[in-house]
Amino acid sequence: MDNGDGPKKWGFQGNAELNASSISVRGVLNRVYANLDKDDKRPTIPLGRADPTEFPSYQTTRLAPDAVANAAFSYNFNCYAPTGGIAETRRAVAEYLSKDFPYQLSPDDVYLAAGCTQAIEIVVSVLARPNANILLPRPGYPQYEARASVSNLEARHFDLIPEKGWEVDLDSIEALADENTVAMVIINPSNPCGNVFTSQHLKKIAETARKLGIFVISDEVYSHLAFGSNPFVPMGVFGSIVPVLTLGSISKRWIVPGWRLGWIVTCDPNGIFQQSGLSRIGFN
Ligand SMILES: *Cc1c(COP(=O)(O)O)cnc(C)c1O
C-alpha cells in the first residue's frame, strides 16, 4: 500500500498523566503480575484481587439479576436518565442508607454515578478550584491521587497509625490543613488496611474537620463488610457535626462490580452544602 503523502509526523499523543498503569489499581496489579517469574511454578495467593466474582462461592442473590431483567424487559428504562439518576433509584438509596442514620435522607441527597469510581471522579473535579487542596489517607486508595492529579487538585497526605488500629492521625490533619483545604477523605471500612473505625473515632474526625471548616468525604464502598470486632458505623451519623459526602456502590456488598452503580450522598441535616453553593455546582 502506498502511504506516500501522509504527514511527516502525526500531531497527536495521549495525556501521559492518564497512563493506566499509574492511575488505576488494576494497572498496578497488572504491573505486579507482569513481573512474576514465569518459570517459578509455585502457586500465587491473589492478595491484590478486588473482584470476588472470580470465586464461585461469592454470588449475588438471585433477586438481583431478576430485578435487572424485569427492568430491562419492561422497556421503561431505555431512556436517558436525569443527570442525578432515576428518582426511584435515588429514593431507594436514600431509604437504604437512612436505616443507619438518626435523621432521614431525601432522594435529593442522592446523586447516582457509574460506580464509586465515577463518584470519586465527580467529587474530585467539582472540588478542584484553583489552589484548592484535599487531605487523603496514607495508605489509601490510589484513585483519589489519580483523579486529583488529572484535575490539578493538590493532594496532601495524613497518616493512618498502625499501632492504633489504623486510626487517623488527627494532629497531622490540623497541621496539614490551611485556608485552601476543602475536604478530607476517609475510607471506612478501610481499603487497603481492612480496619473499621469506631464510632468514637469517627466523632473525633467529625469534630476535627468542623474545627478546620472542611467537610468529610467518606468512602463506604465496603460498608457492612466489616472484619474484626468494631461494627460498621456510617460517617453520615455525624452529619450534624460536619457535612459529610458519602460515597458508595453496589459493587462490593452485592458482589456485582460489573454493574457500575454507585452514589454520592449529601449527609448534611444542617444544609451547609446548600449554603456553600456546592449543591449548585454539581450535587442536585
Ligand atoms: C472498589 C473501590 C472503589 C470503586 O468501586 P466501584 O463501585 O467498583 O467503582 C472505590 N473506593 C474503594 C476504597 C474501593 O475499594
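All residue numbers in this chain count up from 1 along the given sequence. Remember, it's a predicted structure, so these values are computed and weren't measured experimentally. Start at 1 and go down the list; that is how both ligands and their atoms are numbered.
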Ile187: numbered ligand 1 atoms lying under 4.0 Å from its heavy atoms
13 (C)
Show me which atoms of ligand 1 lie under 4.0 Å from any heavy atom of Ser251.
6 (P), 7 (O), 8 (O)
Do the non-hydrogen side-chain atoms of Leu160 and Asp169 ever get within less than 4.5 Å of each other?
no
Look at the aromatic rings of Tyr58 and Phe55 and report parallel, tilted or perpendicular, splitting at 30° and 60°.
perpendicular
Report yes if some N/O of Pro257 lies less than 3.5 Å from some N/O of ligand 1; otherwise report no.
no
Can the ring centres of Phe215 and Phe273 be said to be less than 6.0 Å apart?
yes
Where on Val221 is there a heavy atom closer than 4.0 Å to ligand 1, on the side chain, on the backbone, on both, or on neither?
side chain
Please work out whether the ring planes of Tyr141 and Tyr144 are parallel, tilted or perpendicular, with thresholds of 30° and 60°.
perpendicular
Do Trp254 and Tyr222 make the cut of ring centroids closer than 6.0 angstrom?
no
Among Thr117, Asn191, Leu247, which one puts a heavy atom closest to atom 4 (C) of ligand 1?
Thr117
With heavy atoms of Gly115 as the reference, note each atom of ligand 1 found under 4.0 Å away.
7 (O), 9 (O)
Are Lys252 and ligand 1 in contact, using a heavy-atom cut-off of under 4.0 Å?
yes
Does the residue Arg260 have a heavy-atom contact with ligand 1, meaning some pair of atoms that are separated by less than 4.0 Å?
yes
Working to the nearest 0.5 angstrom, can you tell me the gap between Ser249 OG and Trp259 CH2?
12.5 Å
